[in-house]
Amino acid sequence: MRDPYEVLGMSKNSDPESLRRKYEELKARYSEQRFQDGEDGNKGARLLSELEESWKIIESDIERNSRGGSGYGEIEDCIKRGDYDKAQSILDSIPERDGKWHYFQSIVFYKREWLSESRAQLVLAVQLEPNNNKYKESLRKIDMVMGNSGINAQDMGRTEYGPYQQQQYQQQYQQQQQQATDSTANTCANCICAYCMTELCCTLLRGCH
């Protein structure tokens with residue numbers, strides 16, 4: 001199949017409105033031509049079919065670019081809808097595997113609850129774009145979810161990754177709170193024990209006099 005933009009006789013950098021006008025113009029021409037007799041009619045039908053197939057691709061490009069470019073806007077929409085298969089399919093079609101690609105791949109893996117794979121993708125994203133604070137913050141959060149660092153109450157209120165992360169925060173936060181309670185109880189017990197021993201020693205000494 002020919003390049004869809006070549007079918008329209010336009011550049012890929014043409015604005016959407018110019019592309020649409022050209023498509024409508026050619027569609028009207030080929031629609032009329034296909035009703036001619038003989039080879040001219042057959043040629044018109046072939047050109048019209050080729051035009052329609054090309055326009056589907058171009059229209060998809062226009063929609064994708066309007067949502068953020070390079071397909072990532074559409075990927076984000078798919079993730080929000082829970083359509084992870086389509087999001088993965090679009091990711092697979094993007095040839096440039098830069099930091100942004102690995103970041104979105106990590107989100108798809110995270111939504112599938114593949115935490116190790118998600119973290120590995122975030123590591124790659126940070127390596128490719130070490131100054132990107134969003135990627136570094138996401139890596140920090142997944143480390144927290146996986147138990148690689150502490151959890152605080154503020155993190156429990158964040159919802160960047162949905163209810164699964166919230167559940168993990170809740171569980172780990174509760175564990176930390178329990179550990180803190182146990183630690184306090186042990187400290188108190190030790191203090192009481194030391195106090196009792198002191199009192200016992202004082203009593204014995206007083207009895208010696």
Side-chain angles (χ1 to χ4, degrees), residues 1-114 117-118 120-138 159-163:
M1 181 180 176
R2 286 196 296 163
D3 180 273
Y5 294 90
E6 183 183 333
V7 172
L8 267 67
M10 302 286 285
S11 166
K12 190 171 185 178
N13 296 324
S14 301
D15 64 274
E17 190 57 36
S18 296
L19 290 167
R20 189 176 299 277
R21 284 199 302 268
K22 188 65 174 180
Y23 160 70
E24 295 291 349
E25 176 189 332
L26 293 175
K27 181 180 179 180
R29 182 192 305 174
Y30 299 149
S31 295
E32 183 178 350
Q33 182 179 346
R34 65 177 173 162
F35 291 112
Q36 296 178 6
D37 295 332
E39 182 56 31
D40 286 341
N42 293 333
K43 182 179 180 181
R46 289 197 302 271
L47 289 173
L48 181 62
S49 177
E50 183 183 38
L51 176 67
E52 294 295 353
E53 290 297 321
S54 298
W55 180 247
K56 287 179 182 178
I57 298 172
I58 294 172
E59 195 170 35
S60 178
D61 288 346
I62 292 172
E63 182 180 1
R64 183 163 54 245
N65 291 334
S66 69
R67 293 182 176 178
S70 303
Y72 290 110
E74 189 174 359
I75 292 170
E76 189 171 359
D77 288 344
C78 291
I79 291 172
K80 289 177 180 178
R81 295 195 307 267
D83 191 351
Y84 307 135
D85 288 339
K86 185 173 182 181
Q88 185 64 61
S89 177
I90 299 171
L91 273 170
D92 292 341
S93 70
I94 298 176
E96 185 178 1
R97 305 298 168 90
D98 54 8
K100 190 173 186 178
W101 188 95
H102 288 290
Y103 172 72
F104 274 89
Q105 180 65 85
S106 76
I107 295 176
V108 173
F109 283 161
Y110 190 96
K111 291 296 186 178
R112 296 183 186 276
E113 300 186 6
W114 300 347
E117 291 84 349
S118 177
Q121 292 297 319
L122 280 174
V123 170
L124 290 172
V126 172
Q127 289 175 348
L128 290 169
E129 298 184 33
N131 296 322
N132 192 309
N133 291 327
K134 179 171 69 174
Y135 300 167
K136 291 190 290 186
E137 178 67 7
S138 297
T159 58
E160 285 89 341
Y161 293 102

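Scanning for salt bridge (Lys or Arg N to Asp or Glu O under 4.0 Å) contacts around K86 gives E74, with sequence neighbours left out. Residues meeting the side chain to side chain donor-acceptor pair (under 3.5 Å) test with E32, sequence neighbours left out: none. In this structure K56 satisfies the salt bridge (Lys or Arg N to Asp or Glu O under 4.0 Å) test together with E53, sequence neighbours excluded. With sequence neighbours excluded, the residues that form a side chain to side chain donor-acceptor pair (under 3.5 Å) with Y23 are E52. Shown here are the side chain to side chain contact (heavy atoms under 4.5 Å, CB included) partners of S14, two or more places apart in sequence or in another chain: M10, S11, L19. Taking the side chain to side chain contact (heavy atoms under 4.5 Å, CB included) definition, one finds that E96 meets it with D98, sequence neighbours left out. Partners of E117 by salt bridge (Lys or Arg N to Asp or Glu O under 4.0 Å), not counting sequence neighbours: none found. Residues meeting the side chain to side chain donor-acceptor pair (under 3.5 Å) test with E6, sequence neighbours left out: none. Scored by the side chain to side chain donor-acceptor pair (under 3.5 Å) test, D85 finds R112 as partners (sequence neighbours excluded). Every residue meeting the salt bridge (Lys or Arg N to Asp or Glu O under 4.0 Å) condition with R29, not counting sequence neighbours, appears here in chain and number order: E25.
Inter-residue side-chain proximity for W114 and V108 is flagged as unmet; no heavy-atom pair is nearer than 4.5 Å. Counting heavy atoms from C-beta outward, L47 and V7 have side chains that stay 4.5 Å or more apart.
Taking every heavy atom of both residues into account, S93 and P95 meet most closely at O-CD, 3.4 Å. S118 approaches Y110 most closely through the heavy-atom pair OG-CB, 3.5 Å. Taking both residues in full, the closest heavy atoms of L91 and W101 are given as O-NE1, 2.8 Å, listed atom of the first, atom of the second, then distance. Residues I75 and I90 share a closest heavy-atom pair of CG1-CG2, 3.6 Å.
Taken from CG in L8 to CD1 in I58, the straight-line distance is 4.5 Å, to the nearest 0.5 Å. Considering CG of N42 and CD of Q33, their distance stands at 10.0 Å, rounded to 0.5 Å. The CZ atom of F104 sits 13.0 Å away from the CD atom of Q88 when rounded to the nearest 0.5 Å. Interatomic distance, Y135 OH to K100 NZ, rounded to the nearest 0.5 Å: 7.0 Å. Between E59 atom CD and I57 atom CD1 the span is 11.5 Å, to the nearest 0.5 Å.
Judged as a salt bridge (Lys or Arg N to Asp or Glu O under 4.0 Å), the pairs with a partner in residues 33-44 (not counting sequence neighbours) are, in order, E39-R46.
Side-chain atoms of S106 come within 3.5 Å of backbone atoms of Y103 as a donor-acceptor pair (strictly under, hydrogens ignored).
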Under 3.5 Å, which donor-acceptor pairs do the side chains of residues 121-131 form with other protein atoms, sequence neighbours left out?
unit_1: Q121; atom_1: OE1; unit_2: H102; atom_2: ND1; d: 2.7
unit_1: E129; atom_1: OE1; unit_2: N132; atom_2: ND2; d: 3.3

